[in-house]
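A short write-up of the structure that comes next.
Remember, it's a predicted structure, so these values are computed and weren't measured experimentally.
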Number of protein chains: 4
Amino acid sequence: MLNRVILIGRLTKDPELRYTPAGVAVTQFTLAVDRPFTSGGSKEREADFINIVTWRQLAETCANYLRKGRLTAVEGRIQVRNYDNNEGKRVYVTEVIADNVRFLESNNSAGSREEGGSSNSNASYGGGSGSGNRGGGSREQQDPFIDDGKPIDISDDDLPF
Amino acid sequence: MLNRVILIGRLTKDPELRYTPAGVAVTQFTLAVDRPFTSGGSKEREADFINIVTWRQLAETCANYLRKGRLTAVEGRIQVRNYDNNEGKRVYVTEVIADNVRFLESNNSAGSREEGGSSNSNASYGGGSGSGNRGGGSREQQDPFIDDGKPIDISDDDLPF
Amino acid sequence: MLNRVILIGRLTKDPELRYTPAGVAVTQFTLAVDRPFTSGGSKEREADFINIVTWRQLAETCANYLRKGRLTAVEGRIQVRNYDNNEGKRVYVTEVIADNVRFLESNNSAGSREEGGSSNSNASYGGGSGSGNRGGGSREQQDPFIDDGKPIDISDDDLPF
Amino acid sequence: MLNRVILIGRLTKDPELRYTPAGVAVTQFTLAVDRPFTSGGSKEREADFINIVTWRQLAETCANYLRKGRLTAVEGRIQVRNYDNNEGKRVYVTEVIADNVRFLESNNSAGSREEGGSSNSNASYGGGSGSGNRGGGSREQQDPFIDDGKPIDISDDDLPF
DNA sequence: TTTT
DNA sequence: TTTT
């Protein structure tokens, strides 16, 4: 009924931009968010590693301007998806669907994604057949982020907005 | 660095109260949070099912006053734990560690937990051996919520506060 | 750069719906939000009284469904306006501009606003001249909520969305 | 009942540290938070100027590490105080009482407050007479931030924590 | 495995 | 000027 998350942390890697078969941009990255305490007597700083997903225009902006290590604020909502893995076991995935992302560190190394060079993850899956197995109207979808080298099987109907 | 979550939803079941071997109360429940949209053309309301964990005094208050179906507000932070399951595979668990819980529906059916009768989950694991497999100082802990009928193997060092 | 507020409290009065000269709906109400502590040794519960503003469709929904005393959740952002009062003194007004409102108590007494009877505040100022003192492009606007019996002088340009 | 605010913005000035007569540290500063839109057709960026108050240890940390212009995240709650001004008129003051402050820009110009030199606002009002007019147990307190050159008249009973 |  |  109400579902709001606000995080500040650093990207663990460059963001990954993909496209659904219908051509909708979706970018995924992970935020390392330091915990406000140290536990177990250890003095090593711990963090939570939280998966972030953005869609459409925001996805492209994130892919263009965010990079590994950048301090970033994210606003969004928690989403829990589930899908059946290759052993037929149900897997639950928790992500934050972001609708607002703030870049807290300037892009002094200039650089849109294309200039970066160090990243090769912005492959477009815009073609894609969407091969079948979505019949029946089931709300249990495949994981769009399992990298099986095939186009992701997700329709625009699955978009959260 | 900053990690804040606010949720309003309904309990999918009665909360479950346990105790660590050191006697610290921990209560777990799941909140069904309706999504603000309907997707896939379907008209059925969808929800995210989000696991909530509370500790100490708040855990006992939640166990005493929350029940299945109650509208509840939760404030806390996202935590991502991981542990190795019985096939030696790493499993990731995302939960909201709550530090503030608001009961939005009055307890008209009166009833502290003890009077409820319908619930049998407030078993105390206060004794517990807690020995053995925590050596090595690893921060990867077992899942305290896997119900194997044995006392949960978690020390006070693992407490988030 | 990021500005997010979440409140749960009760309406101190019925909401007030008005319209800008251009016909845009704007609803105002005050939320009494109990503080989580008692201060000064007194045992009386204290509260903060926080002004909420909603626009357009949400404004009409709030006017239709919210009533004095209702438990309500509000999501939005803090806005600080200022205007010059009749003594030529600058006055600062802090409000929460809501973009999400949740009705936490059901409307068991049924009743859209029109059926309520106890309220007479949904006067429409849809006509209105809206002339005169907005020249010069100043961002300091008059207070739209000062009730001087005249149409409020606010253009659609001032709308926050 | 629930009251949560999260802001990211920049300090409009150096923070001001004071002490209550009982010796409790309180720091005040203003955050300029850019709005996510431009209104009125103007292309000038607008901002909300939001007053922040911190107490005790956090107050001293803020006074030591925050400076004018620094990008800062603040977590807290909205508080609405009121007091009677010198014309006997009731004035309402809205502030954010912060319980978590994150410094998003490093202190490369080194400098604890004492080394800063440019600031003279960390005067301690630790002595203070507390001259009388708090009898009667009224919850309407004087504004601690009106700068009249006299010690602020506030007792520990007024502290929010 | 899910709530109204 | 304030709500349960």
Side-chain angles (χ1 to χ4, degrees), chain A residues 1-3 78-84 89-92 94 139-140, chain B residues 7-16 28-36 38 44-52 66-74 93 95 102-109 121 143 145-147, chain C residues 7-16 28-36 38 43-52 66-74 93 95 102-108 118 121 145-147, chain D residues 1-3 78-84 89-92 94 139-140:
Chain A
M1 211 171 175
L2 188 149
N3 183 337
I78 299 179
Q79 180 174 266
V80 182
R81 291 182 297 117
N82 63 76
Y83 65 97
D84 295 325
K89 221 181 105 184
R90 172 113 339 153
V91 179
Y92 291 86
T94 302
R139 307 297 328 129
E140 318 308 339
Chain B
L7 304 170
I8 300 180
R10 294 183 183 278
L11 292 233
T12 62
K13 301 189 207 164
D14 285 2
E16 290 194 35
Q28 202 269 358
F29 56 91
T30 298
L31 223 53
V33 182
D34 285 337
R35 294 182 182 169
T38 57
E44 7 162 2
R45 253 264 159 282
E46 286 174 67
D48 291 289
F49 298 94
I50 301 172
N51 295 317
I52 314 293
L66 287 179
R67 286 297 173 279
K68 175 178 178 174
R70 293 277 168 78
L71 190 67
T72 306
V74 161
V93 179
E95 297 152 330
R102 295 289 159 182
F103 312 144
L104 302 178
E105 287 180 345
S106 57
N107 233 357
N108 40 14
S109 58
S121 52
D143 187 351
F145 298 118
I146 284 182
D147 195 356
Chain C
L7 304 171
I8 299 180
R10 294 181 184 277
L11 292 233
T12 61
K13 301 189 208 166
D14 284 2
E16 290 193 35
Q28 202 267 359
F29 56 90
T30 298
L31 223 53
V33 182
D34 285 338
R35 295 182 180 168
T38 57
K43 240 358 200 172
E44 5 161 3
R45 252 264 159 284
E46 286 174 68
D48 291 288
F49 298 94
I50 300 173
N51 294 317
I52 315 293
L66 287 178
R67 287 295 174 280
K68 176 179 176 174
R70 293 277 168 78
L71 191 68
T72 306
V74 162
V93 179
E95 297 152 330
R102 295 290 160 181
F103 311 144
L104 303 177
E105 287 181 343
S106 57
N107 235 354
N108 39 14
S118 73
S121 52
F145 297 119
I146 282 183
D147 196 356
Chain D
M1 210 172 175
L2 188 149
N3 183 336
I78 299 179
Q79 180 175 268
V80 182
R81 292 183 297 116
N82 62 75
Y83 66 96
D84 296 324
K89 222 181 105 185
R90 172 117 334 157
V91 178
Y92 291 86
T94 302
R139 305 300 325 133
E140 318 309 338

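Salt bridge present: A:Asp84 and A:Arg90 bring a charged side-chain N and a carboxylate O closer than 4.0 Å.
Among the atoms of the strands shown, only primed sugar atoms or phosphate atoms (P, OP1, OP2) are found under 4.0 Å from some heavy atom of B:Gly69.
The CD atom of B:Glu46 lies 9.0 Å from the CD atom of A:Gln79; values are rounded to the nearest 0.5 Å. Between atom CG of residue D:Asn82 and atom CZ of residue C:Phe49 there is a gap of 9.5 Å, rounded to the nearest 0.5 Å. From C:Asp34, atom CG reaches atom CD1 of C:Ile8 across 11.5 Å, with rounding to the nearest 0.5 Å.
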Note to self: Working note: C:Thr72 + C:Leu31, criterion side chain to side chain contact (heavy atoms under 4.5 Å, CB included); need CA distance, chi angles, decisive distance, verdict.
What the structure shows: CA-CA 8 Å; C:Thr72 306; C:Leu31 223 53; 4.2 Å; yes

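Contacts between chain D and DNA chain F, taken as any atom within less than 4.0 angstrom of a protein heavy atom, begin and end at F:dT1 to F:dT2.
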